[in-house]
**Student:** 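Once you've had a glance at the structure underneath, I'll fire off some questions.
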Amino acid sequence: MSSRINACNKLLARIFFSITMFFTFYTFGQTPDVFRIEYMLMPDNSANVETSRIKLVLNVPLAVRDKKDYVVLGAEYNRYNFEVPDNLFPNADDINKFHVVDVNLAYMYKLSENWRLVGVVTPRWSSNFVEELQQEDFNVNLTAGAYKNIKDVEKPYILVMGLSYNGTSPIDVPLPFLYFEKRFHKNWSYVLGAPKSGMKYFTKKGHFFQTELFLDGYYVNIQNNILLPGNNLSTDVSSTALLLTLGYQYKITKDMSVYLIGGHSLFQNGVLRDQERNDIFTLNDEAGLYFRTGFRIGI
């Protein structure tokens with residue numbers, strides 16, 4: 001039974017890490033972020049593990065081709081604080097902090113009045129950075145997709161689809177993704193897809209409520225590889241969580257907003273991995289609370 005659960009967790013992790021890059025530009029309100037600062041907390045659970053994250057996002061869109069297309073130059077920084085019991089294994093302090101740095105290079109091409117094509121190249125450095133930069137800290141993610149945004153109709157909708165390749169995925173081929181959001185009522189819309197699905201409720205005064213089922217996680221290189229019992233050597237750490245949340249957003253202006261999200265993980269799978277990316281040590285497989293808050297400026 002546990003092997004089936006591990007296989008399911010690995011599949012979900014692969015799907016999540018394969019399509020995250022495209023949604024770098026599509027967040028809470030499904031619009032591109034020019035700037036975002038965010039704090040996330042998963043408090044101590046029954047495994048005595050606490051995770052927090054600080055996220056910074058900056059994207060600069062540059063109009064080209066008579067303002068029909070956009071080149072987007074951006075960056076994203078995530079710092080994870082991962083607190084585990086000190087006696088869990090030797091050198092546990094080496095995985096207390098993880099850093100993920102992305103440089104996003106995107107081109108948005110206007111194919112027609114409703115369709116846009118998007119290509120994203122994302123060099124990434126992810127590591128605990130206890131030493132100088134290493135070759136293993138670096139990988140590249142590639143994403144190509146198309147989206148259709150129908151606004152001026154009674155029931156507007158957004159359709160996003162494409163292929164994404166992730167340099168850390170065990171599956172060495174691009175994987176497909178799909179996202180569909182439709183406003184079926186003046187105050188309600190639904191979202192179907194991966195890594196998130198949910199419902200949204202809108203008000204006239206800039207208040208916005210949302211419930212989501214989504215995947216979150218990371219995959220990071222470990223400098224100074226960790227030697228575990230049984231002579232197993234861990235070179236990477238990864239975490240995948242399936243989360244159910246309820247969120248609130250307030251629009252300060254048309255493009256500026258603050259938000260607060262709370263919920264609970266339905267499952268978690270935080271593990272140390274070997275060089276072949278096999279799970280060799282479980283850090284956290286217990287569900288727990290989840291909170292996220294932030295400020296964003298969109299286009």
**Student:** Which pairs, with at least one residue in residues 268-287 and sequence neighbours excluded, count as a ring-ring contact (aromatic ring centres under 6.0 Å, His included)?
**Tutor:**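 For residues 268-287: Phe89-Phe281.
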**Student:** Under 4.5 Å between any side-chain heavy atoms of Tyr179 and Lys196, yes or no?
**Tutor:**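 The answer is yes, as the side chains (C-beta and beyond) meet within the 4.5 Å cut-off.
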**Student:** Would you mind reporting whether Arg124 and Val100 have side-chain heavy atoms less than 4.5 Å apart?
**Tutor:**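 In short, these two side chains touch, coming nearer than 4.5 Å.
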**Student:** Tyr290 vs Phe214 aromatic rings, parallel, tilted or perpendicular, using cut-offs 30° and 60°?
**Tutor:**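 Rings of Tyr290 and Phe214: perpendicular, over 60°.
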**Student:** To the nearest 0.5 Å, tell me how far Leu244 CG sits from Ser197 OG.
**Tutor:**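 Those atoms lie 11.5 Å apart.
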**Student:** Report the distance from atom CG of Leu233 to atom CG of Asn225, rounding to the nearest 0.5 Å.
**Tutor:**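 Rounded to the nearest 0.5 Å, the CG-CG separation comes to 4.5 Å.
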**Student:** Write down the atom of Ala75, the atom of Asn59, and the distance for their closest heavy-atom approach.
**Tutor:**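 Nearest heavy atoms, Ala75 then Asn59: N-OD1, 4.1 Å.
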**Student:** Once rounded to the nearest 0.5 Å, what's the spacing between atom NZ of Lys68 and atom CG of Leu111?
**Tutor:**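 Lys68 NZ to Leu111 CG: 12.0 Å, rounded to 0.5 Å.
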**Student:** Would a 4.5 Å heavy-atom cut-off, applied to side chains only, mark Lys148 and Tyr157 as touching?
**Tutor:**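 In short, these two side chains touch, coming nearer than 4.5 Å.
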**Student:** For Val120 and Ala106, work out which heavy atoms get closest and say how close.
**Tutor:**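 Smallest heavy-atom distance, with atoms named: CG2-CB, 4.0 Å.
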**Student:** Could you tell me whether Asp69 and Lys110 have a side-chain N and a carboxylate O separated by less than 4.0 Å?
**Tutor:**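 No salt bridge links Asp69 with Lys110.
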**Student:** Could you report the tightest heavy-atom contact between Ser189 and Phe202, atom names first, then the distance?
**Tutor:**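 So the minimum-distance heavy-atom pair works out to OG-CE1, 3.5 Å.
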**Student:** Please report the closest heavy-atom contact between Gln134 and Glu131, naming both atoms and the distance.
**Tutor:**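 Closest approach of Gln134 to Glu131: NE2-OE1, 3.4 Å.
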**Student:** Hey, what do you get for CG (Leu105) to CG (Leu73), rounding to the nearest 0.5 Å?
**Tutor:**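 CG of Leu73 is found 6.5 Å from CG of Leu105.
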**Student:** Sort out for me which residue in Ser126, Ser239, Ser238 forms a side-chain contact (heavy atoms from CB on, under 4.5 Å) with Tyr219.
**Tutor:**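 By the side-chain contact (heavy atoms from CB on, under 4.5 Å) criterion, Tyr219 pairs with just one of Ser126, Ser239, Ser238: Ser238.
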**Student:** Under 4.5 Å between any side-chain heavy atoms of Val49 and Glu286, yes or no?
**Tutor:**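 SC-SC contact between Val49 and Glu286 ruled out.
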**Student:** Strictly distance-based, threshold 3.5 Å: is any side-chain N or O of Thr293 a donor or acceptor partner for the main-chain N or O of Ile261?
**Tutor:**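 Looks like no, no N/O pair under 3.5 Å.
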**Student:** Roughly how far apart are Ile37 CD1 and Phe295 CZ, rounded to 0.5 Å?
**Tutor:**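 It is 9.5 Å, given to the nearest 0.5 Å.
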**Student:** Under 4.5 Å side-chain heavy-atom separation, chaining through any Ile, Leu, Val, Met, Phe, Trp or Tyr, what else clusters with Leu41? Say none if it is isolated.
**Tutor:**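 Same cluster as Leu41: Tyr39, Ile54.
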**Student:** Parallel, tilted or perpendicular, judged at 30° and 60°: which one describes the rings of Phe82 and Tyr218?
**Tutor:**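 Geometry flag for Tyr218 against Phe82: perpendicular rings.
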**Student:** Are Gln268 and Asn45 side-chain neighbours, meaning at least one heavy-atom pair lies under 4.5 Å?
**Tutor:**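 A side-chain contact under 4.5 Å exists here.
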**Student:** Any side-chain heavy-atom pair from Phe208 and Lys251 closer than 4.5 angstrom?
**Tutor:**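 They are not in side-chain contact.
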**Student:** Any side-chain heavy atom of Ile95 within less than 4.5 Å of one from Ile222?
**Tutor:**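 Yes, their side chains come closer than 4.5 Å.
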**Student:** So, do Leu58 and Tyr77 sit near enough that their side-chain heavy atoms are less than 4.5 Å apart?
**Tutor:**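 Side-chain contact under 4.5 Å: no.
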**Student:** Which residue pairs pass the salt bridge (Lys or Arg N to Asp or Glu O under 4.0 Å) test when at least one of the two sits in residues 46-62, sequence neighbours left out?
**Tutor:**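 As it turns out, the salt bridge (Lys or Arg N to Asp or Glu O under 4.0 Å) pairs with a partner in residues 46-62, which skip direct neighbours, are Glu38-Arg53, Arg53-Asp216, Lys55-Glu76.
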**Student:** Can Val121 be reached from Val103 by stepping across I, L, V, M, F, W or Y side chains whose heavy atoms are under 4.5 Å apart?
**Tutor:**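 Hydrophobic grouping puts Val103 with Val121.
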**Student:** Are Val130 and Leu228 in one and the same hydrophobic cluster, where Ile, Leu, Val, Met, Phe, Trp and Tyr link if side-chain heavy atoms are under 4.5 Å apart?
**Tutor:**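 Not linked; separate clusters.
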**Student:** Could you walk me through whether Arg273 and Asp279 satisfy the side-chain contact (heavy atoms from CB on, under 4.5 Å) test, starting with their C-alpha distance in whole Å, then the side-chain angles of each, then the deciding distance to 0.1 Å, before giving a yes or no?
**Tutor:** CA-CA 5 Å; Arg273 298 179 182 269; Asp279 300 359; 2.7 Å; yes
**Student:** Would you check if the side chain of Asp274 reaches a backbone N or O of Glu276 as a donor-acceptor pair within less than 3.5 Å?
**Tutor:**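 Yes; judged by distance alone, with no hydrogens or angles, the pair exists.
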**Student:** With Tyr190, which residues qualify under side-chain hydrogen bond (donor to acceptor under 3.5 Å, both in side chains), at least two apart?
**Tutor:**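 Once residues adjacent in sequence are excluded, Tyr190 has no partner under the side-chain hydrogen bond (donor to acceptor under 3.5 Å, both in side chains) criterion.
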**Student:** For the hydrophobic clusters of this structure (ILVMFWY residues joined by side-chain heavy atoms under 4.5 Å, transitively), does one cluster hold both Leu266 and Leu215?
**Tutor:**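 Hydrophobic grouping puts Leu266 with Leu215.
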**Student:** Which heavy-atom pair separates Val118 from Met108 by the least distance, and what is that distance?
**Tutor:**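 Reported closest heavy-atom pair: CG2-CG, 4.2 Å.
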**Student:** Run the numbers on Asn221 and Asp137 for side-chain hydrogen bond (donor to acceptor under 3.5 Å, both in side chains), then give the verdict.
**Tutor:** CA-CA 6 Å; Asn221 178 58; Asp137 299 331; 2.7 Å; yes
**Student:** How long is the span from the OG atom in Ser127 to the CD atom in Glu136, to the nearest 0.5 Å?
**Tutor:**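 The distance works out to 9.5 Å.
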**Student:** Is there a chain of hydrophobic side chains (I, L, V, M, F, W, Y, each step under 4.5 Å between heavy atoms) that links Leu192 to Leu178?
**Tutor:**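 Yes, it is one cluster - the side chains of Leu192 and Leu178 are joined through contacts under 4.5 Å.
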**Student:** Applying side-chain hydrogen bond (donor to acceptor under 3.5 Å, both in side chains) between His207 and each of Tyr250, Tyr201, Tyr248, report the one that passes.
**Tutor:**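 It is Tyr248, the one option of Tyr250, Tyr201, Tyr248 that forms the side-chain hydrogen bond (donor to acceptor under 3.5 Å, both in side chains) with His207.
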**Student:** Which heavy-atom pair separates Tyr70 from Pro61 by the least distance, and what is that distance?
**Tutor:**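 Nearest pair, atom of Tyr70 first, then Pro61: CD2-CB, 3.9 Å.
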**Student:** Do Val271 and Leu227 belong to the same hydrophobic cluster, where Ile, Leu, Val, Met, Phe, Trp and Tyr are linked whenever their side-chain heavy atoms lie under 4.5 Å apart, directly or via other members?
**Tutor:**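 Cluster IDs for Val271 and Leu227 differ.
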**Student:** To which residues is Leu289 joined in a hydrophobic cluster, defined by side-chain heavy-atom contacts under 4.5 Å among Ile, Leu, Val, Met, Phe, Trp and Tyr, whether direct or through other members?
**Tutor:**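 Hydrophobic cluster check, Leu289: joined to Phe291.
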**Student:** Per the ring-ring contact (aromatic ring centres under 6.0 Å, His included) rule, what does the pair list look like for residues 101-125, sequence neighbours excluded?
**Tutor:**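 Pairs touching residues 101-125 that pass the test: Trp125-Phe138.
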**Student:** With a 3.5 Å distance limit and no angle check, can you tell me whether Asn128 reaches the backbone of Asp94 through a side-chain donor-acceptor pair?
**Tutor:**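 Confirmed, Asn128 side chain pairs with Asp94 backbone.
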